[in-house]
Amino acid sequence: MMNQEFIIIPGASNMPELPEVETVRRTLETLIVGKTIRDIDVFYERIIRGSTVTDFISKLEGQTLSSIDRYGKYLIFIFGELTILSHLRMEGKYFIKNLDEPKEKHEHIIFYFTDGSTLRYHDTRKFGTMDLILTKDIFTNSPIIKQGYEPFNEKLTGTHLRSLLKNRKTAIKSALLDQTVMSGLGNIYVDEVLFLSKLDPERQANTLTLKQYKDVVTNAKKVLTKAVELGGTTIRSYTSSLGVTGRFQNELLVHMKEKEPCIICLKPITKIKVNGRGTYYCTNCQK
DNA sequence: GTGACCACCTGGCCGC
DNA sequence: TGCGGCCAGGTGGTCA
């Protein structure tokens, strides 16, 4: 039995992207790998996909967590032949608590381990999902097969990105948010990548030069690598002295910087909407 | 194949 | 103070 309540926050951001999910993975890996599920409570059934809730519970009971991986924004909990693909969407987060801790309002799934601890999935907006699949199907028959390469993958090059976007007339910002193009980028980091690449977020995706596609890939790697090192971004934190908080918010150059001076030209950062997404950029530096 | 729009969901914010 | 309406966001589905 644990003596303290651990609160796991995905980089403490309210919008987990690849770095925040990686922070959660690393933290959970040290705390729950090797534990065996005794029971599961599902309080909000729509989170479960790929199986009935009854199957989800019955198949996982007695299973031991062997490892936790990640692809893009998906957490991959591997229990031998079974795997849970967990997507945190907007506000999903995991807590590890003692058995006797009362259930909080937004805790929708509780995994009870045989050692008396619990893993609790908390999601204010109920957008998150958990797919129960066969481990052998992870890369052949699961939501992950639709994902594009992560920026860290050597196969993701400027040439590859150009081939994917050559017919896409949508805004480059929208294209980069498409996880089938590049896996792991979300609204925050796309703004940063486009700023470093000096690209107008509304620029048509198929109009970039090869050098600009290469710059996007290079800067995506740079931004995500730095963000992973710093544990992600905390834009809205939660009260917890034990929380795992990110520090990348101190490195943000444009996101959430509306009206603040651009670090290059000192002109105020502008906020617009690109296909409904709040978007921050410098109208002077990004063309 | 592509783009636009909508639904999902709830807390926070704003105006009345 | 309380109420209603709007906004934020990632993804999947539908339709043109």
Side-chain angles (χ1 to χ4, degrees), chain A residues 9-22 24 42-50 70-76 84-93 104-109 121-131 133 141-148 150-151 161-194 201-208 220 224 227 232-239 246 249 252 254-258 271-280:
Chain A
I9 298 172
S13 167
N14 59 329
M15 186 175 60
E17 302 182 28
L18 187 153
E20 290 75 29
V21 177
E22 177 61 17
V24 177
V42 176
F43 301 100
Y44 185 71
E45 299 189 355
R46 296 187 67 161
I47 290 171
I48 307 299
R49 304 191 306 184
R70 179 193 56 72
Y71 192 90
K73 302 176 189 175
Y74 281 94
L75 278 169
I76 305 172
I84 297 173
L85 295 183
S86 171
H87 198 302
L88 304 174
R89 297 287 181 98
M90 303 301 302
E91 297 199 1
K93 53 186 83 71
E104 292 191 10
K105 181 181 177 183
H106 297 296
E107 290 176 356
H108 304 305
I109 298 178
Y121 178 70
H122 182 291
D123 192 343
T124 308
R125 296 186 191 181
K126 299 179 176 174
F127 276 13
T129 58
M130 289 190 199
D131 290 82
I133 62 170
N141 184 24
S142 82
I144 284 182
I145 63 173
K146 299 175 186 171
Q147 300 281 304
E150 292 186 345
L161 186 59
R162 181 177 65 176
S163 71
L164 291 174
L165 300 182
K166 63 183 178 185
N167 295 322
R168 299 286 292 270
K169 295 178 180 176
T170 191
I172 183 65
K173 162 134 187 185
S174 300
L176 294 179
L177 285 173
D178 182 347
Q179 301 299 296
T180 67
V181 172
M182 191 186 298
S183 184
L185 285 180
N187 204 39
I188 296 172
Y189 297 115
V190 167
D191 282 356
E192 298 300 306
V193 169
L194 290 174
E202 292 188 292
R203 173 95 169 261
Q204 276 191 11
N206 62 350
T207 65
L208 276 60
L224 291 186
T233 301
T234 301
I235 283 184
R236 196 179 71 195
S237 60
Y238 299 80
T239 305
Q249 68 277 8
L252 292 175
V254 286
H255 193 82
M256 300 292 284
K257 302 284 187 182
E258 186 182 16
K271 182 183 181 184
I272 60 172
K273 288 253 192 168
V274 177
N275 287 345
R277 299 288 180 257
T279 300
Y280 300 83

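Here is the naming used below: chain letters follow the sequence lines, and residue numbers restart at 1 for every chain. Keep in mind that what you see is a predicted model, and the values were worked out from it rather than measured.
- Atom CG in A:Asp178 sits about 17 Å away from atom P in B:dC5, given to the nearest Å.
- In this structure, a donor-acceptor pair under 3.5 Å is present between the side chains of A:Thr124 and A:Glu91.
- Rounded to an integer number of Å, the gap from CE of A:Met256 to C1' of C:dG9 is 12 Å.
- You'll find the side chain of A:Ile172 stays beyond 4.5 Å of the side chain of A:Gln204, heavy atoms only.
- Distances shown here put a side-chain N or O of A:Lys73 below 4.0 Å from the OP1 or OP2 atom of C:dT11.
- Both A:Arg277 and A:Arg168 lie close to DNA chain B; mapped to their nearest nucleotides by heavy-atom distance, the more 5′-ward contact belongs to A:Arg168.
- Distance CD (A:Glu91) to P (B:dG12): 9 Å, rounded to an integer number of Å.
- Here the nucleotide nearest the side chain of A:Arg49, chosen from C:dG12, B:dG11, B:dG3, is C:dG12.
- Where A:Asn275 and A:Tyr44 meet DNA chain B, the nucleotide closest to each residue was compared, and A:Asn275 sits on the side nearer the 5' end.
- Considering only side-chain N and O atoms, A:Gln179 lies nowhere under 4.0 angstrom from the phosphate OP1 or OP2 of C:dG10.
- Residue contacts shown for A:Lys105 are limited to sugar-phosphate atoms, with no base heavy atom under 4.0 Å away.
- Dashed line: the shortest gap from a side-chain N or O of A:Lys169 to OP1 or OP2 of B:dG3 is not under 4.0 Å.
- As judged by a 4.0 angstrom heavy-atom cut-off over every strand, A:Asp123 is placed among residues making no nucleic acid contact.
- The ring of A:Phe127 lies on top of the base of B:dC8, close enough and flat enough: under 5.5 Å between centres, under 30° between planes.
- For A:His106 and B:dC9, the NE2 to P distance is 13 Å, given to the nearest whole Å.
- Between A:Asp131 and A:Ile48, the closest side-chain pair of non-hydrogen atoms is not below 4.5 Å.
- Across the protein-nucleic acid pair, A:Lys166 atom NZ and B:dG1 atom P stand 12 Å apart, rounded to whole Å.
- Around atom CD of A:Glu258, more than 12 heavy atoms belonging to other residues, nucleotides or ligands sit under 6.0 Å away.
- The base of C:dG9 sits within donor-acceptor range of the side chain of A:Arg125, with an N or O pair under 3.5 Å.
- At the phosphate of B:dG1, neither OP1 nor OP2 sits under 4.0 Å from any side-chain N or O atom of A:Asn167.
- Within the 4.0 Å cut-off from OP1 or OP2 of B:dC9, at least one side-chain nitrogen or oxygen of A:Arg46 is found.
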Point to revise | From CA spacing to verdict: side-chain contact (heavy atoms from CB on, under 4.5 Å), A:Leu176, A:Met182 | key: CA-CA 6 Å; A:Leu176 294 179; A:Met182 191 186 298; 4.1 Å; yes
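- If A:Gly278 and A:Pro143 are placed on DNA chain C by their nearest nucleotide, the residue sitting closer to the 5' end is A:Gly278.
- A:Leu85 places its CG atom 16 Å from the C1' atom of C:dG10, with the value rounded to the nearest Å.
- The distance from atom CD of A:Glu45 to atom C1' of B:dC8 is 16 Å, rounded to the nearest whole Å.
- Rounded to a whole Å, the CG atom of A:Asp131 is 9 Å from the P atom of C:dG12.
- A:Lys173 and A:Asn275 share no side-chain donor-acceptor pair at under 3.5 Å.
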